[in-house]
Amino acid sequence: MTDTSPAPAADLPTAFAPAEVEGTLYERWVQRGYFEADDKSDRPPYCIVIPPPNVTGSLHLGHAFEHTLIDALIRRRRMQGYEALWMPGMDHAGIATQNVVERELAREGLSRHDLGREAFVQRVWQWKVQSGGQISGQMRRLGDSVAWSRERFTMDEGLSRVVPTIFKRLYGDGLIYRAERIINWCVRCHTALSDIEVEHTEDEGELISIRYDDEVVVATTRAETMLGDTAVAVNPDDERYQHLVGTEVELPLTGRRIPVVADPHVDPEFGTGMVKVTPAHDPNDFEIGRRHNLPALTIMDELGVITAHGPFQGLDRFEARPAVVAALREQGRIVTEKRPWVHAVGHCSRCKTVVEPRLSLQWFVRVGPLAKAAGDAVRDGRVRIHPKDMEPRWFAWVDNMHDWCISRQLWWGHRIPVWYGPNDEVVCVGPDDEVPSGDGWTQDEDVLDTWFSSALWPFSTLGWPEQTAAMEKFYPNQVLVTGYDILFFWVARMMMFGLYANAEFGPERAIPFSTVALHGMVRDARGKKMSKSFGNVVDPMDWMDAYGSDALRFTLARGANPGTDVPIGEDWVQASRNFCNKLWNATRFALLNGARVGELPRAAELSAPDRWILSRLHTTLAEVDALYEDFQFAKLTEAIYHFTWDEFCDWYVELAKTPLSRGGTDAERTRLVLGHVLDALLRVLHPITPFVSEALWTTLTGRETLVTVAWP
RNA sequence: GGGCGUAUAGCUCAGCGGUAGAGCACCCGCCUUACAAGCGGGAGGUCACUGGUUCGAUCCCAGUUGCGCCCACCA
């Protein structure tokens, strides 16, 4: 550290005014390229890919939280001499974005069908530009030190090549297949959903028992599905009904005759021990149907409207239910009237509509070997999940995963790269393959689940499948920082695809990242979930306007216990603003008294308070360092807070007033200690509060920037 | 139906085998050589309940109760 002339302390106002420094500092950082990373450097790599925000609008506090943590990690490593890369980008967010734009259209009285596919997709791109701009503006405001030159979008040209590349590879390996299955269908979004896009809630329904004939009584919560029954099943070991197996019974209201079959799936203890079998509208029944070669009769269309059986035709499924019950009652076939029944009902995670199990032809990823590999990577320690108590959840899921339905009946997304020929040919078309042409060839109409492309993010953003310098340098990523809520949606899929796509590098290098650092959800001051319906949603921009980005970041970091939800209230942001101001004024005091950064006198020449504060400083720095390695943001922030306020300001600065007023060597010695402590303090705070740290540090030292300076 | 977590000051949370901590809120006094966005002082908790282990438990163990979360194809 070189000596500098005393800084112009008088220039510092008596209060920190964030708005006056944030914008200029950020733009300067970007212009000077501090956030960019060099693929070819000799420095050790440190790469975190951004969990790409959905282009559905703007960032919320949860993003601000996540970005604060990532930025702190990245900035610290950058200071430590790593080649630090925070890869920026956004996610097209298929169903979510399509829904947003459809809602917008609805306000104009239009549906996507009014526009047609091409025009609608155009419209979504327009939306994307707007939303994307908003998001990057917010990221700048937060101070995110991302390498802007590398920004990617899950539907940009490059990534749109990666998707069919991996699809074709998986298809060729038999890990992607097309099949007619019962999938979760959202009748509002008009698309298939994967299992995890369905949210189960305990809803009150009615369990109704229906008498099919004298001996056959079945129970159901979805009476309307009886129109599609093609059998009644009993347990093969159920003595009571042996004589019925193999006989037929007439299905009421339809006149159809359906068989009674014996199937082990039926629980003899439940109800009468007889179950209606509707293969086209229930996953269990579908399996029973398969085992017994039963026809699957679809009685409902993609809107949830009954398609058959005279009087019920054209009724919505929820209108059909009471109508069917009424008709059955008229025939005296309702045994138990409206018994209240709480059971788990699936809802579309996007629009909350009750999901309808539906038989349809969809594309699936065969997850068996992929999920096994994802489990093993954690089991054998190649990938560490932090905090560790999230691991059981990981294994429970990864080790029991069902095949992943990846086709979506949407327009916004990566089109499935498969063409069908006039003679039932099925051709998977890679990015460099010739598209089959001629009469009767058509491309699959569907798009891929949005998580299919985000699963590729850790390497698609680095130029995969090319062996780019960026891949070489930054794959595997060092850390992934994300919320525990998307452990399965995203992390598991990244693990599966990362390990698969990069298998050639061997087990150690195939993993997408070495560490998964999970954070919690931002909640309101009372610990309640933030949601529009509660009206407790806070726009991070409002708090940044009022208290500054540093204050918001400091608050979020201070609440960040690993994997734990973080409550946040305006009071706390205010307290953080006060902290920034405290730091500001401590520096101001030091500068007014001629503090400077220079070589410290020998220990023997230092006073007891000098030695004490220096010792406390170094202890604190060591603590902070250790806490960073364990992602203990709350604790490290707290440690800095206490050192700064309770020890440095309340004690050392107060005690310093005496030697400073004495002048001479006492004062000079004190100026150097003040300078020394502040220099280190501002550096260690930089990852959390980059703006105020930069402003004060450059004033204190007269140097260019803190961003690239050494970690204390 | 499984699995997990949690219960500490008014609120939100740390913590720890040896007579309880922070921030905010609250009370009393202060414009003291940076900071009233500040300074000094203070009040406030039988650490959910019941047992057990221990010289000693808020902390370890068991059970109870409350709350929360995740997973789940019993009609």
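Here the structure is a predicted model, which is why all the values come from computation and not from measurement.
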K.L.:
Rounded to whole Å, how long is the line connecting atom NZ of A:K528 with atom C1' of B:C69?
P.N.:
17 Å
K.L.:
From CG of A:D485 over to P of B:C70, roughly how many Å is that when rounded to an integer?
P.N.:
9 Å
K.L.:
Whom does B:C74 pair with, Watson-Crick or G-U wobble, provided both distances fall under 3.5 Å?
P.N.:
none
K.L.:
Considering only atom P, compute the distance from B:G1 to B:G56 and round it to an integer number of Å.
P.N.:
40 Å
K.L.:
Could you state the CH2-P distance from A:W543 to B:A37, rounded to the nearest angstrom?
P.N.:
20 Å
K.L.:
Take A:K276 and A:T278, measure what side chain to side chain donor-acceptor pair (under 3.5 Å) needs, and give me the verdict at the end.
P.N.:
CA-CA 7 Å; A:K276 59 190 278 305; A:T278 323; 3.0 Å; yes
K.L.:
Using purine N1 to pyrimidine N3 plus N6-O4 or O6-N4 for Watson-Crick, or N1-O2 and O6-N3 for G-U wobble, both under 3.5 Å, which nucleotide pairs with B:C60?
P.N.:
B:G52
K.L.:
Quick one: A:L518 CG to B:C4 P, roughly how many Å, whole number?
P.N.:
18 Å
K.L.:
Using both distances under 3.5 Å as the test, list the Watson-Crick or G-U wobble partner of B:C67, or none.
P.N.:
B:G5
K.L.:
Walk me through whether A:Y641 and A:D646 qualify under side chain to side chain donor-acceptor pair (under 3.5 Å).
P.N.:
CA-CA 8 Å; A:Y641 181 94; A:D646 303 343; over 6 Å; no
K.L.:
Which part of the nucleic acid does A:Y484 contact within heavy-atom distance under 4.0 Å: base, sugar-phosphate only, or nothing?
P.N.:
nothing
K.L.:
Take the protein atom NE2 of A:H281 and the nucleotide atom P of B:C74, then report the distance between them rounded to whole Å.
P.N.:
19 Å
K.L.:
Taking only side-chain nitrogens and oxygens of A:N578, does any of them come within less than 4.0 Å of OP1 or OP2 of B:G38?
P.N.:
yes
K.L.:
Roughly how many Å is it from CG in A:D571 to P in B:A25, rounded to a whole number?
P.N.:
6 Å
K.L.:
For the side chain of A:D630 and the backbone of A:Q632, is there at least one donor-acceptor N/O pair under 3.5 Å apart?
P.N.:
no
K.L.:
So what's B:C47 paired with, Watson-Crick or G-U wobble, going by both distances under 3.5 Å?
P.N.:
none
K.L.:
Just the atom pairs and distances: protein N or O near nucleotides 29-36 of chain B's N or O, under 3.5 Å.
P.N.:
{"from": "B:A34", "atom 1": "O3'", "to": "A:R588", "atom 2": "NH1", "distance (Å)": "3.3"}
{"from": "B:A34", "atom 1": "O2'", "to": "A:N585", "atom 2": "OD1", "distance (Å)": "2.6"}
{"from": "B:A34", "atom 1": "O2'", "to": "A:R588", "atom 2": "NH1", "distance (Å)": "2.9"}
{"from": "B:A34", "atom 1": "N7", "to": "A:K657", "atom 2": "NZ", "distance (Å)": "3.4"}
{"from": "B:A34", "atom 1": "N6", "to": "A:E654", "atom 2": "OE2", "distance (Å)": "2.8"}
{"from": "B:A34", "atom 1": "N3", "to": "A:N585", "atom 2": "O", "distance (Å)": "3.1"}
{"from": "B:A34", "atom 1": "N3", "to": "A:A586", "atom 2": "N", "distance (Å)": "3.4"}
{"from": "B:C35", "atom 1": "O4'", "to": "A:N585", "atom 2": "OD1", "distance (Å)": "3.0"}
{"from": "B:C35", "atom 1": "O4'", "to": "A:N585", "atom 2": "ND2", "distance (Å)": "3.2"}
{"from": "B:C35", "atom 1": "O2'", "to": "A:N581", "atom 2": "OD1", "distance (Å)": "3.2"}
{"from": "B:C35", "atom 1": "O2", "to": "A:K582", "atom 2": "NZ", "distance (Å)": "2.9"}
{"from": "B:C35", "atom 1": "N3", "to": "A:K582", "atom 2": "NZ", "distance (Å)": "2.8"}

K.L.:
Sub-3.5 Å donor-acceptor pair from the side chain of A:T220 to the main-chain atoms of A:R222, do we have one?
P.N.:
yes
K.L.:
Picking from B:C70, B:C74, B:A72, which would you name as closest to the side chain of A:E202?
P.N.:
B:A72
K.L.:
Contact between A:F643 and A:L681 at the side-chain level, heavy atoms closer than 4.5 Å - yes or no?
P.N.:
yes
K.L.:
Is a side-chain donor-acceptor pair under 3.5 Å present for A:Y547 with A:E570?
P.N.:
yes
K.L.:
When you compare B:U19 with B:G10, how far apart are their P atoms, in angstrom units rounded to a whole number?
P.N.:
22 Å
K.L.:
Measuring only the P atom in each nucleotide, how far is B:C47 from B:C11? A whole number of Å is fine.
P.N.:
16 Å
K.L.:
Say whether A:D449 and A:W404, considering side chains only, have a donor N or O and an acceptor N or O under 3.5 Å apart.
P.N.:
yes
K.L.:
Check whether the side chains of A:N235 and A:D263 place a donor and an acceptor atom closer than 3.5 Å, and report yes or no.
P.N.:
no
K.L.:
Between B:G23 and B:A43, how far apart are the P atoms? Round to whole Å, please.
P.N.:
15 Å
K.L.:
What distance, rounded to whole Å, do you find between the two C1' atoms, one in B:C71 and one in B:A9?
P.N.:
36 Å
K.L.:
Say we look at B:G18 and B:U58: how far apart would their P atoms be, to the nearest angstrom?
P.N.:
11 Å
K.L.:
Does B:A34 have a Watson-Crick or wobble mate here (both distances under 3.5 Å), and if so which one?
P.N.:
none
K.L.:
Where the side chain of A:R577 is concerned, which of B:C69, B:A22, B:A37 is the nearest nucleotide?
P.N.:
B:A37
K.L.:
Please figure out whether A:A219 or A:T201 has its closest RNA chain B nucleotide nearer the 5' end.
P.N.:
A:T201
K.L.:
A:R393 has an atom CZ; how far is it from atom P of B:G68, in whole Å?
P.N.:
16 Å
K.L.:
How about A:S349 and A:E199: does a side-chain donor come under 3.5 Å of a side-chain acceptor?
P.N.:
no
K.L.:
Can a donor-acceptor pair be found between the side chains of A:H265 and A:D285 at a distance below 3.5 Å?
P.N.:
no
K.L.:
Taking the minimum atom-to-atom distance to the side chain of A:Y641, which one of B:G23, B:C74, B:A72 wins?
P.N.:
B:G23
K.L.:
Using heavy atoms to find the nearest nucleotide of RNA chain B for A:A575 and A:E269 separately, return the residue whose nucleotide is more 5′.
P.N.:
A:A575
K.L.:
Round to the nearest Å and state the distance from A:H343 atom NE2 to B:G1 atom P.
P.N.:
15 Å
K.L.:
With rounding to whole Å, what would you report as the distance between B:G52 and B:G44 at their P atoms?
P.N.:
32 Å
K.L.:
Sticking with atom P, work out how far B:G5 lies from B:A62, rounded to a whole angstrom.
P.N.:
11 Å
K.L.:
Which base sits across from B:G29 as a Watson-Crick or G-U pair, both distances under 3.5 Å?
P.N.:
B:C39
K.L.:
Using the ring pair (Phe, Tyr, Trp, His ring centres under 6.0 Å) rule, pick out the option among A:F631, A:F633, A:Y484 that qualifies with A:H386.
P.N.:
A:F631
K.L.:
Could you go over nucleotides 8-15 of chain B and give all protein N or O partners under 3.5 Å, atom names and distances?
P.N.:
{"from": "B:U12", "atom 1": "OP1", "to": "A:R526", "atom 2": "O", "distance (Å)": "3.4"}
{"from": "B:G15", "atom 1": "OP1", "to": "A:K635", "atom 2": "NZ", "distance (Å)": "3.1"}

K.L.:
Is the closest side-chain donor-acceptor distance between A:T482 and A:H519 under 3.5 Å?
P.N.:
no
